[in-house]
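Scroll down for the structure; my scribbles are underneath it.
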Amino acid sequence: MKLLSGVLSLLAASAGLGSAFNVNCNSNYVSYYGQNSAGNQKTLGSYCQDATEDLIVLAFMNGFPNILLNFANACETTFPGSTLLHCPTIAEDIKFCQSKGKAVILSMGGASGAYGFSGDADGAAFADTMWNMFFKGSSSQRPFDDAVLDGIDLDIEGGSGSGYAGFINQLRSHYATDPSKQYYIAAAPQCPYPDSYLGSVLNSAWFDMVYVQFYNNYCGLNAYPTWFNYADWDNWAKTKAINKNVKIYIGAPGGPSAASSGYVSGSTLGSIYSSVRSQYTSLGGIMTWDVSQSRSSGLASSIRAALDSGGSCGSNPGGGGQTSTVTTTSTKTSSSSTTITSTPVSSTTTTSTTSQPTTTSSPSTCPTNGGKCSGYQQGCNGQNFAICNNGSWWVAPCAPGTYCYLSGSTATCDWSNGRPTDGCAVSGGSGFSKRQNLVAVSKITKPNLRPKPVSAKSNVPTRVEFVVSDLTDNKFTTVIKIQTNKDAFSGNWSISFTLPDGQTIDSSSRGSASTSGNKVTIKSDVSRESAKNMAAIFKITGSFKGDYVLPDTSSAAFYAV
């Protein structure tokens, strides 16, 4: 493999540099590399021989500030007397990819691992470490030797947002010392807005690119156009982001087995991309998890073709993240509206691309917080939307710049486009299904969790998360995520939890499910599980009556033999 990488580097040198990655284009293709999701992962350099991807994200640094790296079968060697990976083959491939005009960045975080900062000082100190180990600084142990990365990506799926702003600010100060090269800051939040882990960080630090994961959630690509919420992220980019030129990417599963939900065909993804591109100037392109999946499924070639069919680039080639020298004008798209369909418990907003809503009634009195209402009424009061909660109005403001209008019996927040901005409206008492508690998370600890390959331990913290993937009529699909923050667990595991009243489970995409009353137990298929895991992600399907509610995570118990 080292010989292959060396030959690739020589070929690249003789052929000359490829076209440099331009962060301002809306036709960029980003894909993750390193976790061998499809089971047939090739060397990094082999994916850079053609012009399919524009930027590769190495996954993952799944431990920091005590550094842990995991690139699956791509690198398994360490520095002598250390657990730190030393990856000379990847190092040569990084340089080859860069010689072809591609950018290569390192993703920090992931679905499982032990990471996080105690505060900004801790984050800033680690930025110094990162600069020395992966960029233009110096260190006695550099995992990629003399290769210099093009930036970092934050895929934070656990812990708190503490310290990341300090980390980014300090790293950007290092970036500024090297004007010869463009460096980037990226993030990969899940699609529900705001992101539960990076929400505050995205609002307080500079980002060049945001790869929104439109999968494993109710707002995924498979929910387009009803619940697909790119407009929420575009609004963030235009109104709250520090970098008003930040680019938002449509994150997609690279193949049917790459995610629990959200995979769509190449033609469907191309249509969604074309629609988003025609409406939103914040679009940067498409991201896939991961390159082994997208190349195996053939989705990568479809994506490249879609991106090349009419994409465009702004000014300031290369971006760089050091300075903000380009000013663009935000455009408000009349076809996007935010539909309010949650109760005050979760106050979640979702995006649709339906026709303009119309007011269905004009009461003499606007809905006011605490006022009387009945059933499942919704209403509008100028820039505020209102939802009837147990006989009383609950009133909340729309996003800045938008106003409330009724579409049938549903309150929506939308741009005015010349319509009245101070109107009042109340719907009838319709009995539509509400979506409550769209994300529920807690930590569960069981003394008989026995992680491997480390020694058996007791009271190992394990995090469980339930996320709504799809609700259609009285059918639900819910994603279950199980992860440890430090130690692996065996492939012989089970999880049990209590279903809310009115719900029944039909199937599980991983293992086998059994029920006893409201208690559900899902056991792994030992013959198909790997010997060790730090996370298990799968989906369950079933039926519900009344309003859908996620299982209570406090009822969850996880066991590994």
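Since the model is a prediction, treat every value here as computed from it, not as a measurement. Positions are given from 1, in the same order as the sequence printed here.
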### Task
Mind running side chain to side chain donor-acceptor pair (under 3.5 Å) on Q190 and N217 for me, showing each step along the way?
CA-CA 8 Å; Q190 298 181 58; N217 272 296; 3.0 Å; yes
### Query
Would F538 and I495 satisfy side-chain contact (heavy atoms from CB on, under 4.5 Å), going step by step from the backbone distance to the final call?
CA-CA 12 Å; F538 55 96; I495 182 172; 4.2 Å; yes
### Message
Applying side-chain contact (heavy atoms from CB on, under 4.5 Å) to L149 and L58, what does each step give before you reach the verdict?
### Response
CA-CA 10 Å; L149 292 173; L58 301 177; 4.2 Å; yes
### Query
Passes side-chain contact (heavy atoms from CB on, under 4.5 Å), F558 versus V464? Steps please.
CA-CA 9 Å; F558 180 77; V464 63; over 6 Å; no
### Query
Where do D155 and M108 land on the side-chain contact (heavy atoms from CB on, under 4.5 Å) test, with the steps shown first?
CA-CA 6 Å; D155 181 13; M108 301 168 56; over 6 Å; no
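I303 is not listed as a side-chain neighbour of Y273, based on a closest heavy-atom distance of 4.5 Å or more. With contacts defined as side-chain heavy-atom distances shorter than 4.5 Å, the pair S543/F476 does not qualify. The shortest side-chain heavy-atom distance between D234 and I248 does not fall under the 4.5 Å cut-off. Taking 4.5 Å as the limit, every side-chain heavy atom of L69 sits out of range of all side-chain heavy atoms of N62. In this structure, N245 and D208 have side chains that are not in contact, with every pair of non-hydrogen atoms separated by 4.5 Å or more. Side-chain contact between F134 and I152 is absent, with no heavy-atom pair separated by less than 4.5 Å. In this structure, the side chains of I242 and L202 stay at 4.5 Å or more apart for every pair of heavy atoms. Side chains of D150 and Q182 form no contact here, defined as non-hydrogen atoms less than 4.5 Å apart.
Tested against S282 for a side-chain hydrogen bond (donor to acceptor under 3.5 Å, both in side chains), the candidates W233, Y230, W236, Y249 yield a single pass: Y230. Of the residues I480, D552, T553, the one that meets the side-chain contact (heavy atoms from CB on, under 4.5 Å) test with F497 is I480.
Checked by atom type and distance alone, the side chain of Q213 never pairs as donor or acceptor with a backbone atom of A252 at under 3.5 Å. Formation of a donor-acceptor pair under 3.5 Å by the Q41 side chain with backbone atoms of G34 is found in this model. Checked by atom type and distance alone, the side chain of K244 pairs as donor or acceptor with a backbone atom of A241 at under 3.5 Å. Looking only at distances, no side-chain donor or acceptor of N235 sits under 3.5 Å from a matching main-chain atom of A231. Between the S204 side chain and the S200 main chain, a donor and an acceptor come within less than 3.5 Å of each other. Put simply, the side chain of N243 gets close to the backbone of F207: a donor and an acceptor are under 3.5 Å apart. S31 places a side-chain N or O within 3.5 Å of a backbone atom of T288 that can act as its donor or acceptor partner. Although no hydrogens or angles enter the test, the distance criterion places a donor-acceptor pair under 3.5 Å between the side chain of Q503 and the main chain of V549. Distance alone, capped at 3.5 Å, is enough to place a donor-acceptor pair between the S509 side chain and the K539 backbone. No donor-acceptor pair closer than 3.5 Å links the side chain of T541 to the backbone N or O of T477.
Note: M61 CE to Y115 OH = 13.0 Å, rounded to the nearest 0.5 Å. For the atom pair CG (L55) and CD1 (I105), the distance works out to 5.0 Å, reported to the nearest 0.5 Å. Going from atom CD1 of I168 over to atom CG of D120 covers 10.0 Å, rounded to the nearest 0.5 Å. Within the model, atoms CG of D232 and SG of C219 stand 8.5 Å from one another, a figure rounded to the nearest 0.5 Å. Put simply, OG on S260 and CG on N216 are 4.5 Å apart, with the number rounded to the nearest 0.5 Å. For the atom pair CG (L299) and OG (S265), the distance works out to 8.5 Å, reported to the nearest 0.5 Å.
Taking the six-membered ring where the residue is Trp, the centroids of W289 and F60 are separated by under 6.0 Å. A centroid separation of less than 6.0 Å is found between the aromatic rings of F64 and F117. Aromatic ring centres of Y224 and F214: separated by at least 6.0 Å. The six-membered or imidazole ring of Y184 lies near that of F21, with a centre-to-centre distance under 6.0 Å.
Closest approach of Y47 to N40, counting heavy atoms only: OH-O, 4.1 Å. Listed here is the closest heavy atom pair of K102 and T52: NZ-N, 4.1 Å. S37 and A258 get closest at one heavy-atom pair: OG-CA, 4.4 Å. The minimum heavy-atom distance linking P194 with G199 is given by the pair CB-CA, 4.5 Å. Residues R295 and A300 approach most closely at CD-CB, 3.9 Å, considering heavy atoms. Heavy atoms only, all atoms of each residue included: C191 and V212 are closest at CA-CG1, 3.6 Å.
Residues that satisfy the salt bridge (Lys or Arg N to Asp or Glu O under 4.0 Å) test with R304, not counting sequence neighbours, are D54, D308. Residues meeting the side chain to side chain donor-acceptor pair (under 3.5 Å) test with Y32, sequence neighbours left out: D153. Scanning for side-chain contact (heavy atoms from CB on, under 4.5 Å) contacts around S512 gives K523, with sequence neighbours left out.
Side-chain contact of S275 with Q279: a donor-acceptor pair under 3.5 Å is present, judged by distance alone. There is no side-chain donor-acceptor pair under 3.5 Å between T268 and Y263. No side-chain donor-acceptor contact under 3.5 Å links Y33 and S292.
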